[in-house]
Amino acid sequence: MKQRSLLFIVYWLLVSVALTSCSLDETPRSELPESAAYTSRETLYLNTVATLYNYIGGYEDGQGLQGTNRGIYDLQTFGSDEAMIPLRGGDWYDGGLWQNMYKHSWTAGHDLIKNSWLYLYKVITLCNRSLETLNTYKDLAGEDSHLAWTSEVRALRAMYYWYLIDLFGDVPLVTNSSVSMNEVKREKRADVFTFCEDELLSVINFLPEENSTREGDYYGRITQPVAFFILAKLMLQSEVYTGEPRWDECIHYCDELKYMGYSLEPIYSSNFIVYNQNSKENIFTIPMDKNLFSNQQQNIIRSLHYRHAAAYGYNGENGACATLRTLQVFGYPDDPDPRFIECYHFTQVYGPDGKPVTDRTGQPLKYEPDKVQLDLSGSPYVETAGARMYKYEFDKNAIKDGKLIDNDIVLFRYADVLLMRAECKVRLGEDGSADFNAVRERAGAAPRDCTLDNILDERLLELCWEGWRRPDLIRFNKYKSLYEGSDAIDESDGHTTVFPIPADVRALNNNLTQNPGY
């Protein structure tokens, strides 16, 4: 079992029983009474700051930034050209949910969109309450701790607003818990962007400089490097969010992370192994420990064939796989990028005993990457089409059907920083090849010209399964469904680059206008 600081173990044990999820306007039903929650500096921190980290990951649909299903990760991944969940006979229809993601034909009633909106605002509401409580108990915290703790919460809240403007464009900006979410109005995307930037710049000097992916008191927390990464991403997408490119500032924040000692791991796959908390490349992760935390990684099992997962003793769901477009970028089958074998199951598979896994007929199970299509019903490859997720080392000691593992889920890492800096240099007319080819060299790939088209491809090669493809395509003006059927929707107006405001949310608030095109 991983070693933890006492404070962190206490925090996770406390929040697992102290808080339940809440809607935007309700108080957590099992929240500790104030007399018990705020009796010392330690309990004040645990019940205002530490509790918020219980929501970065999740254990049920729509919750967490990654690891679970039907939420943010799925919008960023299955709404792009990177991955899909085909209809496999009677499996994965789900009312057309996944087909709509592939076609970009989602509506305001789509579950993934609603789940993501409610989750993000839930955490923002909890951040607002924590800030108010910290201000009420400022004397108990002490001046220095009050400043540090409020800075941490403000940075966390800014991160959640960044996700909101990325997904939805104009969104309500709510900074106190007394405002009813049934009365708020949407603010301009550019204004919420400015709020995020200002908040991060106001607090960054009061955040600890520590690496938050290492075990100890700062493990899994918002620290200076995490804030610098978010600022870099904001600047990278600034032209999308505000109409104003800010490439030079993105480079500045990327440089800050270099100065803080982050670098590429010599081996690509070491960022995703069991017990990957020693990576010098990972910047922000969701802590995973099957013996302590409830955070789940459901994406591995969701991708693996039933028999493949069963060989390890788990229940596979035989769903997610790479698209034909992804195979093309990876150079499969003629000359695949070295990372293809690090990221995908794409041929005959074997169990932990080294013996071939067999299909329902007793023949060796073999995935067929290039046989994938939106509807596989009636296809001889209905169960085997598509290259499957193989990015994270499979934890052979996982529990809960393979969903509770010890590989921390990677949210931000330094390879992305290098690719951001390379891209911004090229956009400014400079040479970004050193950063670009450093990433390729680490992977064992031959150097390439550092052009914008090659950078976009490289981001898929390096960052597949990490939840970045949708915003990348939008930034490059290439976000469009791969679907070419007669009922394909017209995306020429760009309306699908943001998702609709959920219908159920608008039904409770007439002030919320809908995004154009929906």
* Asked: ring pair (Phe, Tyr, Trp, His ring centres under 6.0 Å) with Y163: which residues, sequence neighbours excluded?
  -> none

* S105 and N100: side-chain hydrogen bond (donor to acceptor under 3.5 Å, both in side chains), yes or no, with the steps? -> CA-CA 5 Å; S105 59; N100 289 336; 2.9 Å; yes

* Asked: How are the rings of Y414 and Y262 set to each other: parallel, tilted or perpendicular (split at 30° and 60°)?
  -> parallel

* Apply salt bridge (Lys or Arg N to Asp or Glu O under 4.0 Å) to the pair R475 and D472, showing each step before the final yes or no. => CA-CA 5 Å; R475 188 173 67 258; D472 286 346; 3.1 Å; yes

* To do: Could you tell me whether R70 and E60 have a side-chain N and a carboxylate O separated by less than 4.0 Å?
  => no

* Just wondering, more than 12 heavy atoms not from I267 lying within 6.0 Å of its CD1? -> no

* To do: Check the angle between the aromatic planes of Y344 and W465 and answer parallel, tilted or perpendicular using the 30° and 60° thresholds.
  => tilted

* Asked: Parallel, tilted or perpendicular for W117 and F168, by the 30°/60° rule?
  -> perpendicular

* **E152-Y53 side chain donor-acceptor pair, cut-off 3.5 Å** => yes

* To do: Apply salt bridge (Lys or Arg N to Asp or Glu O under 4.0 Å) to the pair K403 and D395, showing each step before the final yes or no.
  => CA-CA 9 Å; K403 297 174 183 177; D395 185 350; over 6 Å; no

* Asked: So, for H104 and Y479, is the gap between ring centers shorter than 6.0 Å?
  -> yes

* Specify whether F272 and Y392 have parallel, tilted or perpendicular ring planes, treating 30° as the upper limit for parallel and 60° as the lower limit for perpendicular. => perpendicular

* Asked: Between D74 and R302, is there a side-chain N and carboxylate O pair less than 4.0 Å apart?
  -> yes

* Asked: Are the aromatic ring centres of F346 and Y367 under 6.0 angstrom apart?
  -> no

* Salt bridge check: are R413 and E466 linked by an N-O gap of less than 4.0 Å? -> yes

* Can you establish whether the number of heavy atoms outside N176 located under 6.0 Å from its atom CG is more than 12? => yes

* Any idea how F412 and F229 line up, ring-wise: parallel (<30°), tilted (30 to 60°), or perpendicular (>60°)? -> parallel

* **More than 12 heavy atoms of other groups within 6.0 Å of K290 NZ** => yes

* Greater than 12 external heavy atoms within 6.0 Å of K114's NZ -> no

* Please find out if less than 6.0 Å separates the ring center of Y102 from that of F78. => no

